[in-house]
Amino acid sequence: MIMFELMDDTWTLGLSVAALVVMLGLYRSISAHRDKRNKLYPPMAPTGFWQTINAMAGDDNPWFLLRTSLRMGVQVFRLPVQFLGGPLFAVVGDAKLARIILNDKETNKPIAMYRSFDYLTNGAQSLFSNNGPFWHVRRKGVAPAFSSNHVQRMNAVAVAKCDKWIEERLKPLIDEGKSFDVGDEMIDLLLTAICETAFEYTISPMEVKMFKHELEIALREFLFRTHFQPWRKVLGRLLPAHRRARLAAERIQGLGFRIIEAYKKLENPTQGTIINLIMCNQAYKNDAERTADIAILLVAGHDTTAYTLAWTLKELAQNPIKQAELRRSIREDDLQAPHQLETVRSTIREGIRLHPVSGAGSARLTGKDFVTKDGKLIPAGSITIMSYMIMLRDPSVFGKDYDQFNPSRWEKATPEMNQAFLPFSAGRQNCVGQPLANAELHCILPRIISQFELTVDEPGHCECFLTIKPVNTMLRAKPCAQS
Ligand code: HEM
């Protein structure tokens, strides 16, 4: 009896020890595997799953990525949002690697992420939300509208609109002793200009108001809420906010249809405008498909440039010395070709650097393996987010004063600074409107600064949905002595 009890104890002890050994072995092999995995891939951001999702789905998005990069002291890192067997999510703030990824022929947009834009265009697919032949035929179709002669024509109209804005809007506000909302005013100016130049459409003040209002409703619902809460795609119609956003998308599309109808009534449409190229392109099955690209070009073509101008004007208003230096450097004659002035070019570059309006970055699905400069692997099939905010505020490239507005830093730009300057993206899906944006920025900014001294009345705040916007930023203008 005692013998059996002893044997039983020995068995139990033996089994317990064996189980412990197996568990220890398993634990060691799992941790070794995890260590190996962690060493193989870029470091993981020290943020939780929900914290990351919340930050990525809100106004804080570009700042969250920048803070995480500065905190970790790296420009490439993973986000802890990878599900079992799902793609790895990497943030790329290293400009050299970002350029390689963006230029890679096997790498494309992760279409599932860009498809949210189709809600904005009321269900019709646009060139922005596509890859492959669908995208190619549309992109090739509109690209000639950005050739230098068309950009000159479009820019001349934007400049004339700016002069009109100064006479009819800014000067009366000055006479009444009032300040102006710089973000809002620049949006009105650029939206009216793009409608006229690209679409041969005179947009009414009521339509401008409607478009801005509806666009905000649609962007907030579709690009954030619906995008990060996919169940809204199925059950959204039960939610008043989602239904309202669908109505907003219909109204935006309605403007697209009105633009098409107005074009059809033109006796002598200008050849080579965006609307002319879209209407003549037989790749579109019907006008509803055309409204998608009209809406995308309308949105991309006004708020990016408008907010870049607004941010740069705000920086100058906050920096009276730099503002005065810029003004002194602009002579009357220079306004004919302001892009040739080093000071104007540096100021625009610095404005874009500190406030890359596409701050949330460009997403790509890697078509092959990429290796970071530290030898970490970004495997094929990963989602990479090229963060322009991280690249343009990289202390190792721009120095300790990376968050200060200092246009003169561009007078002695290092190759690394030029490499980091990637606000219009790169590769075949880069910004098609870059020549127009550059022309407008280089002409409108010196026109305002050469005539008015700007100060900040209310700094306002920053919001980020699609673009980074200065909201309720009130500037005060005073005519300069020489004007
Ligand atoms: C300061 C002004 C601008 C900035 C910073 C800017 C930035 C960008 C960036 C970063 C992209 C790539 C997005 C991605 O990869 O997900 C892009 C794409 C695009 N931009 Fe711009 N943009 C500006 C002005 C304009 C203008 C004036 C237009 C048209 C009139 C325009 C039309 C487009 C279009 C259609 C695309 C999509 C191109 C494609 O997918 O093939 N943009 N822009």
Side-chain angles (χ1 to χ4, degrees), residues 62 92 95 98-99 101-103 107-111 113-117 121 125-132 134-147 150-151 154-155 157-158 186-187 189-191 193-199 223 273-275 277-278 292-312 348-349 351-365 383-389 391-392 421-442 444-445 466-469:
V92 177
R99 281 178 189 269
I101 296 176
L102 289 164
N103 280 298
T107 294
N108 275 308
K109 281 182 177 173
I111 285 309
M113 287 177 82
Y114 282 80
R115 275 286 143 82
S116 305
F117 283 91
T121 51
Q125 289 183 21
S126 71
L127 73 96
F128 193 64
S129 64
N130 271 283
N131 290 319
F134 185 101
W135 159 80
H136 185 248
V137 73
R138 284 159 177 76
R139 165 96 185 205
K140 220 175 124 199
V142 293
F146 298 97
S147 62
H150 278 295
V151 165
M154 291 197 266
N155 190 38
V157 175
M186 291 301 113
I187 283 284
L189 177 60
L190 270 297
L191 182 57
I194 189 103
C195 277
E196 198 163 311
T197 57
F199 300 108
L223 296 196
T273 59
I274 292 178
I275 185 71
L277 296 173
I278 290 180
D293 279 347
I294 292 175
I296 284 298
L297 279 145
L298 205 55
V299 175
H302 85 284
D303 83 339
T304 44
T305 315
Y307 289 129
T308 303
L309 266 172
W311 282 117
T312 313
I348 303 280
R349 280 207 142 204
I352 295 181
R353 184 190 72 80
L354 264 190
H355 306 283
V357 288
S358 309
S362 295
R364 295 291 184 268
L365 178 65
I383 307 274
T384 47
I385 296 165
M386 262 55 71
S387 166
Y388 304 121
M389 188 60 95
M391 291 175 218
L392 293 166
F421 195 77
L422 199 58
F424 294 96
S425 191
R428 60 184 184 281
Q429 281 169 311
N430 72 346
C431 177
V432 71
Q434 180 173 352
L436 175 62
N438 270 328
E440 289 177 335
L441 293 169
H442 286 83
I444 294 178
L445 186 100
L466 189 59
T467 45
I468 304 182
K469 312 158 203 293

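Order of appearance sets the numbers: ligands from 1, and atoms from 1 within every ligand.
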| request: Mark up the atoms of ligand 1 that fall under 4.0 Å of a heavy atom belonging to Pro423, in ascending order. | output: 5 (C), 7 (C), 10 (C)
| Check: Thr305 N/O within less than 3.5 Å of ligand 1 N/O | no
| task | For the pair Thr273 and Phe199, evaluate side-chain contact (heavy atoms from CB on, under 4.5 Å) and give the outcome as yes or no after the intermediate values. | result | CA-CA 7 Å; Thr273 59; Phe199 300 108; over 6 Å; no
| request: Please verify whether a non-hydrogen atom of Ile194 lies at under 4.0 Å from ligand 1. | output: yes
| Quick one: nearest non-hydrogen protein atom to atom 34 (C) of ligand 1, plus distance? | Val432 CG1, 3.7 Å
| side chain to side chain contact (heavy atoms under 4.5 Å, CB included), paired with Leu309, selected from Thr304, Leu445, Leu189 | Leu445
| field | Worked verdict on Thr197 versus Leu436 for side-chain contact (heavy atoms from CB on, under 4.5 Å) | value | CA-CA 11 Å; Thr197 57; Leu436 175 62; 5.6 Å; no
| remark: To the nearest 0.5 Å, atom CZ of Phe424 lies from atom CG of Asn430 at 10.0 Å
| query | Can you tell me which residue and heavy atom of the protein come closest to atom 36 (C) of ligand 1, and the distance to 0.1 Å? | reply | Phe128 CD1, 4.2 Å
| ligand 1 atoms in contact with Lys109 (distance to a heavy atom under 4.0 Å) | 40 (O)
| request: Kindly compute the distance separating OG1 (Thr312) from CE (Met186), expressed to the nearest 0.5 Å. | output: 11.0 Å
| Sub-4.0 Å atoms of ligand 1 with respect to non-hydrogen atoms of Asn430 | 38 (C)
| note | The closest protein heavy-atom partner of atom 14 (C) of ligand 1 is Ser362 OG, 3.1 Å
| So which protein heavy atom does atom 23 (C) of ligand 1 come closest to, and at what separation? | Thr304 OG1, 3.3 Å
| Proximal atoms of ligand 1 relative to Ala437 (non-hydrogen, under 4.0 Å) | 2 (C), 24 (C)
| request: Mind checking the CE-CG spacing from Met386 to Leu422? Nearest 0.5 Å is all I need. | output: 9.0 Å
| task | Please work out whether any backbone atom (N, CA, C, O) or any side-chain heavy atom from C-beta onward of Ile274 is under 4.0 Å from ligand 1, and answer side chain, backbone, both or neither. | result | neither
| request: Would you mind listing which atoms of ligand 1 come within a distance below 4.0 Å of any non-hydrogen atom of Leu127? | output: 38 (C), 39 (C), 40 (O), 41 (O)
| field | Protein residue, atom and distance nearest to atom 4 (C) of ligand 1, heavy-atom basis | value | Phe424 CE2, 3.4 Å
| field | Closest non-hydrogen atom pair, Tyr388 against Ser362 | value | OH-OG, 2.6 Å
| query | Just checking, is any N or O donor in the side chain of Arg428 or Asn108 under 3.5 Å from an acceptor N or O on the other one? | reply | yes
| query | In terms of residue, atom name and distance, what is the protein heavy atom nearest to atom 12 (C) of ligand 1? | reply | Ser425 CB, 3.7 Å
| query | Heavy-atom distance under 4.5 Å between the side chains of Met154 and Glu196, does that happen here? | reply | no
| Who's the nearest protein heavy-atom neighbour of atom 18 (C) of ligand 1, and how far? | Cys431 CA, 3.6 Å
| How far is atom 30 (C) of ligand 1 from its nearest protein heavy atom, and which residue and atom name does that atom have? | Gly301 CA, 3.4 Å
| query | Out of Asn131, Thr107, Asn130, which residue meets the side-chain hydrogen bond (donor to acceptor under 3.5 Å, both in side chains) rule with Gln429? | reply | Asn131
| query | Do Leu365 and Ile383 pass the side-chain contact (heavy atoms from CB on, under 4.5 Å) test, and can you show the C-alpha distance, the side-chain angles, and the key distance before you say yes or no? | reply | CA-CA 5 Å; Leu365 178 65; Ile383 307 274; 4.0 Å; yes
| Arg349 CZ to His442 NE2 distance, which is reported to the nearest 0.5 Å | 8.5 Å
| field | Residue Tyr114 vicinity, atoms of ligand 1 by number, heavy atom under 4.0 Å | value | 14 (C), 15 (O), 16 (O)
| field | ligand 1 contact by Glu440, heavy-atom criterion under 4.0 angstrom | value | no
| task | Report yes if some N/O of Trp135 lies less than 3.5 Å from some N/O of ligand 1; otherwise report no. | result | yes
| note | Min over Met154, Arg139, Gln429 of heavy-atom distance to atom 41 (O) of ligand 1 lands on Arg139
| query | Is there side-chain contact between Ile187 and Asp303, with heavy atoms separated by less than 4.5 Å? | reply | yes
| request: Examine the proximity of ligand 1 to Arg364 and report which part, side chain or backbone, both or neither, has a heavy atom under 4.0 Å away. | output: side chain
| If you take all heavy atoms of Trp311 and Ile468, which pair is closest and at what distance? | NE1-O, 3.0 Å
| With a cut-off of 4.0 Å, which atoms of ligand 1 are near a heavy atom of Ala300? | 24 (C), 25 (C), 26 (C), 28 (C), 31 (C), 32 (C), 33 (C), 42 (N)
| request: Would you please determine whether Leu102 falls within less than 4.0 Å of ligand 1 on a heavy-atom basis? | output: no
| task | Determine, using heavy atoms of Tyr307 and all atoms of ligand 1, whether some pair is separated by less than 4.0 Å. | result | no
| note | Rounded to the nearest 0.5 angstrom, the CZ-CZ distance for Arg115 and Phe128 is 12.5 Å
| message | Using a 4.0 Å cut-off to any heavy atom of Thr308, which atoms of ligand 1 qualify? | response | 1 (C)
